[in-house]
Structure formats: structure tokens, C-alpha cells
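Worksheet for the structure shown next.
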Amino acid sequence: MCGIVAYIGHREAYPIVLKGLKRLEYRGYDSAGVALISDKIDVFKKQGKVARLEESLLGTHLPSTIGIGHTRWATHGEPSDRNAHPHLSASGRISMIHNGIIENYASLKQELLNKGYQFNSDTDTEVLLNFIDDILSNNKCSLEEAVRIALKRVVGAYVIVMLDAENPDTLIAARKGSPLVIGIGENEHFLASDASPIIEYTKEVVYINDYELAIIKGNELVLKNLGNETITPFVHQLDMELAAIEKGGYEHFMLKEIHEQPTTIFDCLRGRLDMVNGEIIMAGVQEHIEALKNAKRIIVVACGTSWHAGLVAEYIIEELCRIPVEVEYASEFRYRNPIIEKGDVLFAISQSGETADTLVAIEKAKQQGAIIFGILNVVGSSIARISHAGAYTHAGPEIGVASTKAFTAQLVVLTMIALKIAKAKKTISDDRFLHLMQELNAVPDKVESILSNTENIQAIAQKHALASSFLYLGRGYNFPVALEGALKLKEISYIHAEGYPAAEMKHGPIALVDENLPVLFVATKDAYHEKVISNMQEINARKGKLIAVVTEGDQSIDSLTGDLIFVPEADELIAPIINVVPLQLLSYYIGTARGLDVDRPRNLAKSVTVE
Ligand code: M6R
């Protein structure tokens, strides 16, 4: 979703802001713009890619050493030049970029219309900007004060960054509910929605909290709350390398990230899986082990792929720990007046740690007394900061919009958590515990073996690239894998795809089956194998085009289809981490065969920071 970049320092701002916008392209956007200061504020914005904005400014002399930039993902008003950010206030004095939604913008707009204000866009941002402009002119106060007054009236979520033509050495930023990171360089500051535009300049960053204002005047950064009290900034060291956010020779980030999985899974296990002593070391889990062990119920809230990881966790935790698990779409949970009882533990699963629905859902559960446990990839993210405890997935920055390596890392972390709880609860035998540890330890090599031989998956992708619809089926632990496979295909190839429990297809989706429909089964060896083969027979009898992910050496499906994708044998509880990898590859190869931008699929955003 919207990306924010800003610079203030001794260098020319435009090249830094432009590069930052390119680094944020992965978040998904439809227009881009920058504002710089000459003797006034100059705003340049274009619908479309950052490259289009860059092209329009080729040869323009832009010496300003302060600037703001934005990639917009449309919410209020269609994607267009006029709705793109930055916006300029009616007086021309101040300019703003904004990420989030001002929910009460309509009433604020009416107030301004009554005062004779006119608007050049359909955005909520321009309303907030002119609301501040109006306070400035009526109260004869500083911009900082005007922002403070305005934000007390605002309902919604925002990060804003502003320029002031009357104070060309000052940037003002504020946040509530959307992320903002400030990089601290040598006499310069970099502001962005995440660390990716900052990492090549500095590793020292400050994360701004909700209801905080950052005022950067010259070289000095001052943090204040809305009550005008000064706050001491806490400087974090970024643990991220530039190479992690570049393609490193791969054609797409998605392919790079799929291929990184042996390493990211290894990194996720490293230091946690103590094979010598037969222990799992996770400080965040250990600290809350009594609450986890005695939990009456675990509620998982998440969205999209992270929700699928939650479903796998439901199977694993119920099996190993004998604790009831409920997996909730965060967007539904938050509005449902959910029942939270004493002893409930809430797992929030999120790659970005910024997903608005998940964030609000856990705020609600926290207010009702639940213990919040975050399973997150982005260190220092908003969800990390409001969770009581948690575990990071250590998958590194995920740039491709389709989640791949973050998903497998989530599964690894959730499995380790389940094992740790089961051991503390004594609901697992020592032998089973050690066996599952060994199985986890073997995952990186098994994933590597799939990735070193992808020709077969590429051939199957070519064969089915023109299909208009797909069905993905699986049972037990492989059911969420089927859901995730279908989601990946939808996102990347724009082919309609549905995931279903294999046995459930008889209750409806089987009506879709004909000689044109590819039906993919995740059919590795597990407790349901025989039953899944029966389901495959049912599809075969109706001439559906069968594709199957099967365990190496399994010949029981040979007579049903030639489109077989072999994966190494694994315990059924661990198998989802391995079985999803060929499905990621299949959607990648189908998407590229259809000539699509797999890293930035249409309409999607990497970090969904609005509801
Ligand atoms: O950052 P999160 O894990 O909270 O994001 C949740 C979903 O938006 C995300 O998984 C989305 O479904 C991806 N595009 C899946 O590939």
C-alpha cells in the first residue's frame, strides 16, 4: 500500500527520494509524486509507475535538500495525477504525503467547504491538509502546533509527512496506526514507511509510535507526543543488508525468495533447535510457557497467507498440545464482538506486522485481557510492539507481493512453538518430540532438493498456463496447503483458483469438473492417503485434468495422471512446509508464462495498512 519517503540533510533530496520510491514499489501502488522546496513548494506527480514520474522530470534542475515522496494505492478517488500525493494546501504554504485513511474526512471537508475551501482532488489527504492549513491561518500558530490541534480531531489511521514553505529547513511527521521509520545519518535524516529506502544510508533508526510527532529542523530530530511533551528517541540498529532487498541475479523477487527458503528455514531453526540436548530454545515462548501450557484456547488471528499458516497451526497444536484452536480472519474477528475468556491466548501471525485488520483485532483482544503472542517477520513492526511476547520468523525482507519464504518460516516457528508447549504439557512422548525435531532439521535439505529440479514443474506450468480455472484439493495437514496453493495461483496468474478439503468437493465444487479443469491434489503419504486417492478417482471419472504432488517413490497414482510432482518424504505434520514449495513454483511459472508482473500483481499491496 502507500509508501512514504522523505529526506532532509545536506544532499540533493530528489535522487534520494526517487530511489526510495523505487525501493517501495513492491508495496503496490498506482501513482507517485514528490514535493521539493525552491522559493516555494514544487509538487510533481503522475499516475502510473515511478519511472513515469522520473521520465517527466528528466533534465529538470531540482537542487532542494529537503523533499517528500509518495507512492499511492488508491482508497479515496480513482488513480489519477490529481489524486496522487503530495498534495498542496489551498494557501500553497504546506504540502503533505499520507498513508492511511481519515475516517471522518467527510465531516471535516464539509466544515472546510462551508468556509469556502475548494479541493483539487477526491482524497481524504487533501481534506486533512487544508484542515491544518485552516488552523494555521486562524490560530497564527506554528505548523507543529496546528498539526497537534488537527490530529486531536482526526479519526482514522495515518502517517503524514509535511513540508512548510515558510520553514524550508523543517520536516514534520506524525503517525497513528501506520508505520514510520526515521533513519539517522550524518547531519541528515531519512523517513520511510519501512527500512528498505533507508538501509543503504544508515543502520541507525528510530521507529515512531502512535500519537507521536517527529519534528526535524536542520540536523535535529525532536519527538513529541500530542500533549507537546518531549520523548527520548530510542535508536535501533537495523539487522538487514542491502543485498536482501535486491534481486541478486534472479529475474524476479518472487523466484529469489522461493529459492532462499533452504536458507531462511535454516535461519529460522538456527539457535532454536538444539539437536545436541534435544531441546527447543525460544525465549519468548519460555517466558510465557505457563500461560501457553494452561491456555483454555488459542485464538489465531491473521489474513491471507498468514491465515493459512494459522490453519496448519490449528492441526498441529490440537494434535500435539490438546489445546482447542480457533483460526479467525482478523477482519471478521475485529467486528464480531468476540468472546475472550480468562486464559485465552491470541496468536497474531503476520509477515509485515503492519496489517491493519490484524493490528486492530489484537488491540481489541488485548483490551479484553488476552495474552498476545506475535509470530512476525518484520522486527520492530507495529504488531511486534503491541504484542506481549512472540517469536520472529527471521525470513528476511520479503519484497515479492506473494508471500513465499515468510509462509514456510511461519510454519517452522509455529511447529516449534507447538512442540515446546506439548513438551511442557507432557502431551508428547520424548520419542515423538525428538523425531519431529529431526524432521524439522531435515527440512532445508528437502526443500533444496525440490528447488534443484524444477523442469518438471515448469513443464506442467506451461501445459496449464491457459486454463481459466483451477481446483486445489488436500486433506488434513495438506488442506491448508491446498488453500495456499490456490491463493498463490490467483494472485500471480489471475486464474480463478479454489482450495477445498478434498472430501468436501463432492458437496459442490465437483460440479465444476470437466475435461478443461485442472485439479491439483496435494496427495503426499499421510493418514488420509488412501482416501485422497479415492477422491482423485472421482475427479478422473469426470475427466478432470489431474495434477498431483506426491511423495518420492509413491507409484500408486501413476495410473491416474502423468502430471506428478515428487517431493521428499516427511512426517505429515512437517510436510506442509515442504509441499507448498512446488505450488509456489507452479504459480510463479504459470504467471511468467502468461507474461505477468509476478512481483507486483495488479490491485495487490504487500503491506495492507488500511482495512
Ligand atoms: O503481512 P501479513 O502477513 O499480515 O499479510 C497478510 C496478507 O495480506 C498476505 O499474506 C497476502 O495474502 C499475501 N499477498 C499472500 O501472498
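Order of listing sets the numbers, starting from 1, for every ligand and every atom in it. Note that this is a predicted model, so its numbers are computed, not measured.
Of all protein heavy atoms, the one lying nearest to atom 8 (O) of ligand 1 is Val608 CG2, 3.9 Å. The protein heavy atom nearest to atom 12 (O) of ligand 1 is Gly304 CA, 3.3 Å. At the shortest separation from atom 15 (C) of ligand 1 among protein heavy atoms lies Thr305 OG1, 3.0 Å. Looking only at protein heavy atoms, the nearest one to atom 6 (C) of ligand 1 is Cys303 O, 3.3 Å.
For ligand 1, the atoms lying closer than 4.0 Å to a non-hydrogen atom of Ser306 are 2 (P), 3 (O), 10 (O). When each atom of ligand 1 is checked for a heavy atom of Gln351 under 4.0 Å away, the hits are 1 (O), 2 (P), 3 (O), 4 (O). For ligand 1, the atoms sitting less than 4.0 Å from at least one non-hydrogen atom of Ala402 are 16 (O), numbered in the order shown with element in parentheses.
Ligand 1 has at least one atom lying under 4.0 Å from a heavy atom of Val401.
In terms of polar-atom proximity, Glu491 is counted as a contact of ligand 1, with an N or O under 3.5 Å from an N or O of the ligand. At least one N or O atom of Ser350, backbone or side chain, sits closer than 3.5 Å to an N or O atom of ligand 1.
Residues that satisfy the side chain to side chain donor-acceptor pair (under 3.5 Å) test with Asp344, not counting sequence neighbours, are Arg297. Residues satisfying the side chain to side chain donor-acceptor pair (under 3.5 Å) criterion with Lys49, sequence neighbours excluded, are absent altogether.
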> Does the pair Glu484 and Thr305 meet the rule for a side chain to side chain donor-acceptor pair (under 3.5 Å), with working shown?
Replying inline: CA-CA 6 Å; Glu484 174 59 9; Thr305 289; 3.0 Å; yes

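Remark: Arg602 is positioned above the aromatic ring of Tyr494, its terminal NZ or CZ atom under 6.0 angstrom from the ring centre and at most 45 degrees off the axis.
The shortest side-chain heavy-atom distance between Leu586 and Leu520 falls under the 4.5 Å cut-off.
Between His85 atom NE2 and Tyr29 atom OH the span is 14.5 Å, to the nearest 0.5 Å.
Using a 4.0 Å cut-off between a side-chain N of Lys or Arg and a carboxylate O of Asp or Glu, Lys545 and Asp563 do not qualify as a salt bridge.
Annotation: Phe266, atom CZ; neighbour count of heavy atoms from other residues, nucleotides and ligands within 6.0 Å does not exceed 12.
The option from Asn377, Leu604, Thr393, Thr355 that lies nearest to atom 2 (P) of ligand 1, judged by heavy atoms, is Thr355.
Taking the six-membered ring for Trp, His259 and Tyr250 have ring centres closer than 6.0 Å.
Counting heavy atoms under 4.0 Å from ligand 1, residue Glu354 does not touch it at all. Residue Lys488 touches ligand 1 through its side chain alone, judged by heavy-atom distances below 4.0 Å.
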